[in-house]
K.L.:
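Right, I'll just put the structure down here and ask away after.
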Amino acid sequence: MDLGLISVRYARALLKAGEQTGLSDQLYSDMSVLADSYCKVPQLRAAIDNPMLSKAQKKNLLVVASGNTSCKLSITFFELVLKEMRESIMQFIANSFITLYRKQNNLIRAKLTTASRLSSAVEERLKQLVESKTNGKVDFETETDPSLIGGFILEYDTYRMDTSVKSQLNNVLSKLK
C-alpha cells in the first residue's frame with residue numbers, strides 16, 4: 001500500500017472522529033504541534049521508529065511531542081496507531097490531518113516576515129487583507145528578520161509579495177552586472 005494513501009486514511013478517520021466528538025479544533029492544535037516537533041527535533045522520528053522502545057514509551061513521546069496537553073482523542077489515536085504498528089508514518093498522518101482540516105475549514109496559512117516587530121494593529125490589518133482576498137479564515141504567522149533591512153514579505157497560498165529593501169537592493173545589483 002502507498003504511504004500517502006495510508007496516512008490520509010488515518011487522518012480522515014481522525015478528522016471524522018474529531019467532528020463527531022467536537023474535538024477537531026483541539027486535534028488540529030495537537031497535530032500542528034506534533035508536526036512542528038517532527039521538524040524541529042529530527043531525533044523524534046528515530047525514537048518513534050526504534051524497536052527497542054515499548055509502545056507505552058512511544059505513546060508518551062508522542063504525547064509530549066504534541067504539546068503535553070493532548071486531548072483524550074489524540075491519546076487514543078496514538079494508541080491505535082501504535083497497536084496497528086503504523087508509528088513510522090505518524091509524521092505523515094499529522095501533516096495529512098493538518099491539510100484536511102485546513103481544507104475543510106477554509107483555513108489559509110499566511111506568513112508575514114518583517115525587518116522589525118510590527119504593532120498588533122498593523123498585523124491585524126494585514127490579516128484582514130489576506131482574509132478578504134482569500135474569502136477564508138487565516139492562520140497568521142509573523143516573523144522578524146533584520147536582514148530584510150526594511151519592508152516585508154507576505155506569503156499565502158501560492159502568492160508572495162516581497163517589498164523588502166534587501167530584495168530591492170538585490171534587484172539593483174543584478175541589473176548592474
Side-chain angles (χ1 to χ4, degrees), residues 1-113 123 126-127 130-131 133-145 153-161:
M1 255 214 172
D2 184 23
L3 177 71
L5 184 63
I6 295 169
S7 61
V8 169
R9 285 183 178 168
Y10 274 87
R12 273 196 191 118
L14 181 59
L15 184 59
K16 187 174 183 179
E19 290 169 357
Q20 291 172 348
T21 58
L23 294 171
S24 56
D25 292 341
Q26 179 64 42
L27 287 171
Y28 175 70
S29 175
D30 292 348
M31 293 302 128
S32 295
V33 172
L34 181 61
D36 193 45
S37 294
Y38 269 106
C39 290
K40 289 181 178 173
V41 185
Q43 300 88 343
L44 176 60
R45 186 178 177 96
I48 295 297
D49 290 344
N50 186 346
M52 300 301 287
L53 292 178
S54 70
K55 290 185 188 301
Q57 290 171 315
K58 290 180 182 185
K59 180 183 91 170
N60 289 337
L61 264 177
L62 289 170
V63 168
V64 169
S66 63
N68 220 12
T69 57
S70 300
C71 69
K72 185 136 179 86
L73 186 55
S74 291
I75 295 169
T76 303
F77 182 72
F78 295 151
E79 291 168 349
L80 171 71
V81 168
L82 290 165
K83 178 182 165 229
E84 297 297 324
M85 297 172 42
R86 298 289 191 184
E87 62 268 21
S88 64
I89 63 168
M90 192 62 227
Q91 180 180 11
F92 301 105
I93 295 170
N95 285 324
S96 296
F97 178 87
I98 291 166
T99 301
L100 291 170
Y101 178 90
R102 285 182 178 157
K103 186 174 183 177
Q104 178 176 319
N105 292 289
N106 198 19
L107 183 63
I108 288 92
R109 187 167 180 246
K111 181 178 179 183
L112 175 67
T113 308
E123 282 183 27
L126 285 168
K127 181 179 177 180
V130 174
E131 285 178 344
K133 296 282 185 192
T134 60
N135 296 322
K137 294 181 283 183
V138 176
D139 184 7
F140 209 67
E141 175 186 334
T142 58
E143 182 179 288
T144 56
D145 181 2
I153 300 171
L154 176 63
E155 301 170 289
Y156 63 91
D157 281 342
T158 58
Y159 180 78
R160 178 182 165 101
M161 175 193 274

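Just the heavy atoms: all of them, side chains too, but no hydrogens, waters or symmetry mates, feed the values below. On a predicted model such as this, the values are computed, not experimentally measured, just so you know.
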K.L.:
State the CG-CZ distance between D139 and R102, to the nearest 0.5 angstrom.
P.N.:
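Taking CG in D139 and CZ in R102, the distance rounds to 5.5 Å.
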K.L.:
Check step by step if side-chain contact (heavy atoms from CB on, under 4.5 Å) holds for K55 and Q57.
P.N.:
CA-CA 5 Å; K55 290 185 188 301; Q57 290 171 315; over 6 Å; no
K.L.:
Does NZ belonging to K133 count more than 12 external heavy atoms closer than 6.0 Å?
P.N.:
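No, the 6.0 Å shell around NZ holds no more than 12 heavy atoms from other groups.
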K.L.:
For N135, is there any backbone N or O sitting under 3.5 Å from a side-chain donor or acceptor partner on N106?
P.N.:
yes
K.L.:
Run the side-chain contact (heavy atoms from CB on, under 4.5 Å) check on L80 and E84 step by step: do they pass?
P.N.:
CA-CA 6 Å; L80 171 71; E84 297 297 324; 4.1 Å; yes
K.L.:
Pair V130, Y159 - check side-chain contact (heavy atoms from CB on, under 4.5 Å), show working.
P.N.:
CA-CA 10 Å; V130 174; Y159 180 78; over 6 Å; no
K.L.:
Can you name the one residue among R109, K103, M31 that meets side-chain contact (heavy atoms from CB on, under 4.5 Å) with I98?
P.N.:
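Exactly one pass, corresponding to M31.
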K.L.:
Using every non-hydrogen atom in the two residues, find where V33 and G67 come nearest and quote the distance to one decimal.
P.N.:
CG1-N, 3.5 Å
K.L.:
Using a 3.5 Å distance criterion without hydrogens, assess whether the side chain of N50 forms a donor-acceptor pair with backbone atoms of M52.
P.N.:
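A pair under 3.5 Å: yes.
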K.L.:
For the pair F77 and Y10, evaluate side-chain contact (heavy atoms from CB on, under 4.5 Å) and give the outcome as yes or no after the intermediate values.
P.N.:
CA-CA 9 Å; F77 182 72; Y10 274 87; 4.0 Å; yes
K.L.:
Is there a side-chain contact between Q104 and L100, using heavy atoms and a 4.5 Å cut-off?
P.N.:
no
K.L.:
To the nearest 0.5 Å, how far apart are NZ in K58 and CG in D49?
P.N.:
7.0 Å
K.L.:
Check whether any side-chain N or O of N95 sits under 3.5 Å from a backbone N or O of Q91 as a donor-acceptor pair, and report yes or no.
P.N.:
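Side chain of N95 to backbone of Q91: a pair is present.
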K.L.:
Return the orientation label for the Y28 and Y101 ring planes: parallel under 30°, perpendicular over 60°, tilted otherwise.
P.N.:
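Geometry flag for Y101 against Y28: parallel rings.
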K.L.:
Which heavy atom of T69 sits nearest to which heavy atom of Q26, and what is that distance?
P.N.:
O-NE2, 3.6 Å
K.L.:
Output the distance between atom SG (C39) and atom CZ (R45), rounded to the nearest 0.5 Å.
P.N.:
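So the SG of C39 and the CZ of R45 are separated by 11.0 Å.
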K.L.:
Rounded to the nearest 0.5 Å, how far apart are CG of L44 and CG of L61?
P.N.:
6.5 Å
K.L.:
Quick one: are S74 and C71 in side-chain contact, heavy atoms under 4.5 Å?
P.N.:
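A side-chain contact under 4.5 Å exists here.
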K.L.:
Measuring only between side-chain heavy atoms, which start at C-beta, is T144 closer than 4.5 Å to T113?
P.N.:
no
K.L.:
Could you tell me the separation between the CD1 atom of I6 and the OG atom of S96, rounded to the nearest 0.5 Å?
P.N.:
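Between atom CD1 of I6 and atom OG of S96 there are 11.0 Å.
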K.L.:
How far apart are the closest heavy atoms of L62 and M90, and which atoms are they?
P.N.:
CD2-CG, 3.9 Å
K.L.:
Quick one, F97 and L27 - any side-chain contact, counting heavy atoms below 4.5 Å?
P.N.:
yes
K.L.:
So how far is it from D30 CG to I75 CD1, rounded to the nearest 0.5 Å?
P.N.:
8.5 Å
